[in-house]
Amino acid sequence: MSTPSLPGFEHLLADPRTPSAATSAGGAHDGAHDGAHEDDGSAARPGTPRRGPTREELLEGLNEPQRAAVVHAGAPLLVVAGAGSGKTRVLTRRIAWLIQERQAHPGSILAITFTNKAAAEMKERVEDLVGKRARIMWVSTFHSACVRILRKEADKLGYKSSFSIYDAADQKRLMQLVCKDLDLDPKRYQPGALLHWVSNHKNELRDVDAAKSDAKNKLEETYAAVYDLYQRRLREANAMDFDDLIMATVNLFQAYPEVRETYRRRFRHVLVDEYQDTNHAQYALIHQLCADDPEATEGQRVEPAELMVVGDADQSIYAFRGANIRNILDFEEDFPNATSILLEQNYRSTQTILTAANAVIGNNKGRKPKRLWSDAGDGARIVGYVADDEHDEARFVSSTIDELVDEHGVRPADVAVFYRTNAQSRVFEEVFIRTGQPYKVVGGVRFYERREVRDALAYLRMLANPDDQVSLRRILNTPKRGIGDRAVECVSALADRERITFWEALRRADEAPGLATRSATNIRGFVAMVEELQSMVDAGERADVVLESVLARSGYIAELEESDDPQDATRLENLAELVAVAREFSDDPVAGPSADPADVDAGTVAPGLRDFLERVALVADTDSIPQDDDGVVTLMTLHTAKGLEFPVVFLTGLEDGVFPHARALGDQPELEEERRLAYVGLTRARERLYISRAVVRSAWGAPSHNPGSRFLDELPVDLVDWKRTEAAQTSWSRPDLTGGSGSTRLATPTAAGRRNFSSAALRADAAAKSKPSREVPALEPGDRVLHDSFGMGTVVAIEGVAEKSVASIDFGSEGVKRLLLRYAPVEKL
Ligand code: ATP
Ligand code: MG
């Protein structure tokens, strides 16, 4: 499960020179969702008095069925269509149409997008069309919309409105505590698996009671008990996890018909993009808002809101998070009297790219066939490349980009490199670093996942919500202030005995039996510091000011400054960056994705710490796509690419076991989901598409041989121009795997051919080959290095000399490794 990242802040990290107010309309980045920059000018020409666009202007650049969808009134509307057919564009225009032509109050519009970035872009587009009044509409992700509702209504669910939102890392910590409390064998019960199980239940709207009564065996009973305690701990901490946000809102609407009616009255228009990826809980929410409400009493009854959903069943790629393709397939049953509109013209890609994508997705069973066509012309053939290994593949990508830039006027920002899993980005990063090609990894190791940033945020969250145990415990002794595990246990025991929160117990630590005097003194000091900082928060102090005080008062900065660990210098820079992020937010809270002018309207106070934390908590991977930067190539996983488009796309790692993922090889439904992911990847490309695979790829340090992806076999032969069809001849390459001759078709081995080789033998051979006798690199503490498996790192210490020298190298999230340099595949940068 992926964790959200900071909204639109990541560009600050990539290039500190980027001006802070980087939310200009219609940026140079082509991955825009509506991408409709070509008609941007129609709404507000300088010099013309603002009168709003005419009907014709609102419908400009739309084909017939698209127009029909925009002007449709009344019954629920489903727009189903393949990739690039303008679904997102139609949704955006419809909002403008509702406001301009049908005089819908912007506050009565709720539009749901898949990421905060998509929401920001949509808002911007609508504002371009109809002006600033559009600002008060709700355009957001499901999660953001639910948070807004829950903040207002939290008390009805027994929460305080200051509740925290736990992200994946917090959830994991909490789950570890739960397992400990229940005395579960950590080998048998892994927090990740338990969380996945709990998440599935929440996405299906199954609460603890349901889980308990459904449990059919001992194991399920244990899981249900875990769910139970996990929920209780969340509640005690006044916290919700991501899945809770949706489930709690659905529960709220169920339990309080009058609240439901309030929101039904408010949202007269509900629009949902990427509907194929909604899960059951999200579907239920939409249903509560937009279906007939049989429970409403006569006086309360309101006409259901007008609903429009757009989606493509072929692009459903989140089944593992509970997305249910049936939501789109069953729309007409769920909403009787629904209207459907089909879009068939693709405006994004060349016919070649489209034919290829259609051919691949055509192998999925039980789908409705689509006729998607493009009049953009055939364009260039798809270029294929079989690389010796992943480094060779990365070099191919890099040199091809150089060529495109030099000879075809392509800007690096036009280029995206896609791969199946995050870990695959490393090799591309290495080669881009070597060649000096600026790049951006979207959704990789993210800024806010770094330890120091998480610590700082934990301080802030604990200040905003002292019941937040996870945050409080995280920073209680960070930096070290003499409050050890034993002291924590004493305080915990007091909390349990007195049935008070951990924070209350800290304040009353003097009453804790067995607490050492020194610890008690240290805790008193800590409590005094926190209370002082809390008074700043209560006084409505700006987030950046609070943060700076936290970093100074806690001794966090001082500790880093005194350290000689080179990593700590980087940590200081990151914290400075976080302060800058908070400052930018405080200066201009309206400028960003989940900005909430409606609340400003409603007379809410100036944005403070809580608003900032909310912004930080609620973001998705794509939010960090760099904007307005011509020189940066974008690297991202296929999942992150949904909804985006790029003139040039490299689809890499097309190997069975990589993509499709190993997990999916023997499983038909999973394989079909992987194929939909391939369809998403292929259809992101506008003009040029490159596909590649590596014959040998090292995963976890051991080279393994992967046969070509079965998706390659599904591409029409004549559409692909293979630049290279086989690996270089080496002792371990098997000619029969790549076909032997230069024929196009043979580049993709047959199913029979790919299974009769011994991968173990290949692995052993290749491993032997990867250990040539070599010179020991001369390294010193502070040097930056590149390791084949662990990526980039910083040398922390060197012991021994020459052949025997051992380096301790900090690889960031991979941890510090001690490596015998004679063998370690490291290179000094
Ligand atoms: P996806 O399924 O990938 O989300 P989509 O159906 O949402 O795609 P859009 O992103 O809305 O498609 O549109 C794809 C591209 O086609 C965009 O660049 C958009 O501006 C352009 N486009 C859409 N409709 C038209 C049209 N009628 N005329 C010209 N260009 C169009
Ligand atoms: Mg779209």
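Keep in mind that the numbers below use all heavy atoms, side chains included, and drop hydrogens, waters and symmetry copies. First listed ligand is number 1; within each ligand, the first listed atom is number 1.
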* Numbering the atoms of ligand 1 from 1, which are under 4.0 Å from a heavy atom of N63? -> 27 (N)
* Asked: If we ignore angles and hydrogens, is there a donor and acceptor under 3.5 Å between the side chains of T352 and D378?
  -> no
* To do: Could you tell me which atoms of ligand 1, counted from 1 in the order shown, lie closer than 4.0 angstrom to a heavy atom of R684?
  => 3 (O)
* To do: Could you check which of E645, R348, R67 puts a non-hydrogen atom nearest to atom 18 (O) of ligand 1?
  => E645
* To do: Mark yes when over 12 heavy atoms from residues, nucleotides or ligands other than R367 sit less than 6.0 Å from its CZ; otherwise mark no.
  => yes
* Region of Q315 engaging ligand 1 - heavy atom pairs below 4.0 Å -> side chain
* Asked: Do any N/O atoms on L644 end up under 3.5 angstrom from N/O atoms on ligand 1?
  -> no
* For residues 332-366, pull every pair meeting ring-ring contact (aromatic ring centres under 6.0 Å, His included), keeping only residues two or more places apart or in separate chains. => H287-F335, F331-F335
* **Partner set under ring pair (Phe, Tyr, Trp, His ring centres under 6.0 Å) for F659, not counting sequence neighbours** => F711
* Pair R268 + E306: basic N to acidic O under 4.0 Å -> no
* Structure fact -> Here the atoms of ligand 1 under 4.0 Å from any heavy atom belonging to G61 are 25 (C), 26 (C), 27 (N), 28 (N)
* Asked: At the 4.0 Å heavy-atom cut-off, does A81 count as touching ligand 1?
  -> no
